[in-house]
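Okay, structure first, notes after.
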Number of protein chains: 2
Amino acid sequence: MPPLNPHERPYAHTLTALREKGLRPTRQRLALGRLLFEGGNRHVTAEALHGEAAQTGVKVSLATVYNTLHQFTDAGLLRQVAVDGGRTYFDTNLDDHHHFYHVDEARLEDIPGIGAAGAIEVHGLPDVPQGARLERVDVIVRVRGSKAEA
Amino acid sequence: MPPLNPHERPYAHTLTALREKGLRPTRQRLALGRLLFEGGNRHVTAEALHGEAAQTGVKVSLATVYNTLHQFTDAGLLRQVAVDGGRTYFDTNLDDHHHFYHVDEARLEDIPGIGAAGAIEVHGLPDVPQGARLERVDVIVRVRGSKAEA
DNA sequence: GTGATTGCAAATCTTTTGCACTAAA
DNA sequence: TTTAGTGCAAAAGATTTGCAATCAC
């Protein structure tokens, strides 16, 4: 990969990936990449990321947030997780892992992946139907808060 | 609307469950229940069930199909499965089991549940986060390229 | 009759798209 | 320049909701 300017360093991850995928490192993409990839794994919805960008003083349209999230996903920088109809979550953690879904809060939480202590293991997977190939196995552990909420 | 024969046997399952839940066995609910519960396990979307009802000569509005699917779910007659944002699937199979999701066809397929030969087993489940209780563990095996039809 | 249920259309919500404008390269 | 990317607003789905008409009990 090509050398990076000092002022670009924070974006190194995003920049590199964008260049590899032929995506121009625009102000919006870099800003969103920074929100997403600086500071640990995250699970965001388009709406949430858009709001966060606004609070951080980054001007980006919601349409661009959607486009960017999908471009990042296609570029292998994000992973999409479906936990309930209606919303789409994007996960910055690309490792093999699964999720807790806090139903009441509509919030995702990582479960450590394979290799980690206490990692989930799925056994007894049946053969994939003829002509099909395995893409991914998602395990969603749905939990509810014990706080009363009828 | 044509009166229903109260002694109709095919509706026994639906009728009983509706009565237990205090839901009036209306023409629409009984007709949808019949489509859903007669003839094996099914995975339907509201739109699909609505179309099926129309083809069978049952007049039901889409809004009522949505309402009914949710009422059935609340009554424990159906289970909701989320596999991708956008659509909601309802599963008539209430046994403990998991799913293949055929991405290309947007189709769900049951994987035999616990107890069956070759059933999926999930090991190493971490403790549920403090204050939360386990609701359900969903395993979605995403596959592509199958030409199989349901 | 009385209250639950339905249907329709309008309203929401999330996501996508068309297109003129702006900005990388 | 040249072409990709952006923003806005309108469009497109999927689902919900308000309310008058209708049905079950």
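A, B, ... follow the sequence lines: proteins, then strands. Residue 1 opens every chain. The model shown is predicted, which means the values in this text are computed figures rather than measured ones.
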Atom of B:E47, atom of B:L62 and distance for their closest heavy-atom approach: OE1-CD2, 3.9 Å
Separation of D:dC23 C1' from B:K59 NZ (nearest whole Å): 14 Å
B:R29 (side chain) donor-acceptor with B:T68 (main chain) under 3.5 angstrom: no
Integer-rounded Å distance: C:dT14 C1' and A:L49 CG: 15 Å
Geometric class of the A:H43/A:H97 ring pair [parallel <30°, tilted 30-60°, perpendicular >60°]: tilted
Atom-pair distance (NE2 on A:H50; P on C:dC13), nearest Å: 16 Å
B:K21 NZ - C:dT5 P separation (whole Å): 14 Å
Stepwise salt bridge (Lys or Arg N to Asp or Glu O under 4.0 Å) check, B:D84 with B:R142: CA-CA 10 Å; B:D84 61 359; B:R142 303 170 63 89; over 6 Å; no
Phosphate OP1/OP2 of C:dT22 contacted by A:Q28 side-chain N/O (<4.0 Å): no
Per-nucleotide protein contact string for nucleotides 15-20 of chain C (B base, S sugar-phosphate only, - none; heavy atom under 4.0 Å): BBB---
Whole angstrom value for the distance that separates P of C:dT22 from CZ of A:R27: 13 Å
Short side-chain N/O contact to D:dG5 OP1/OP2 from A:R29, under 4.0 Å: yes
Residue B:S61, side-chain heavy atoms: nucleotide from C:dC8, C:dT5, C:dA25 that is nearest: C:dC8
For atom CG of B:L18 and atom P of D:dA24, their distance in whole Å: 13 Å
Side-chain N,O (B:T26) to OP1/OP2 (C:dT6) below 4.0 Å: yes
A:T64 side-chain N/O to D:dG7 phosphate OP1/OP2 under 4.0 Å: yes
For atom CD of B:Q71 and atom C1' of D:dT17, their distance in whole Å: 14 Å
Aromatic plane relationship, B:F100 with B:H102 - under 30° parallel, 30 to 60° tilted, over 60° perpendicular: tilted
Closest non-hydrogen atom pair, A:R79 against A:N93: CD-O, 4.4 Å
is_close_aromatic(B:H70, B:F90), centroid dist under 6.0 Å: yes
Nearest-angstrom distance from the residue atom CG of A:L69 to P of D:dT6: 12 Å
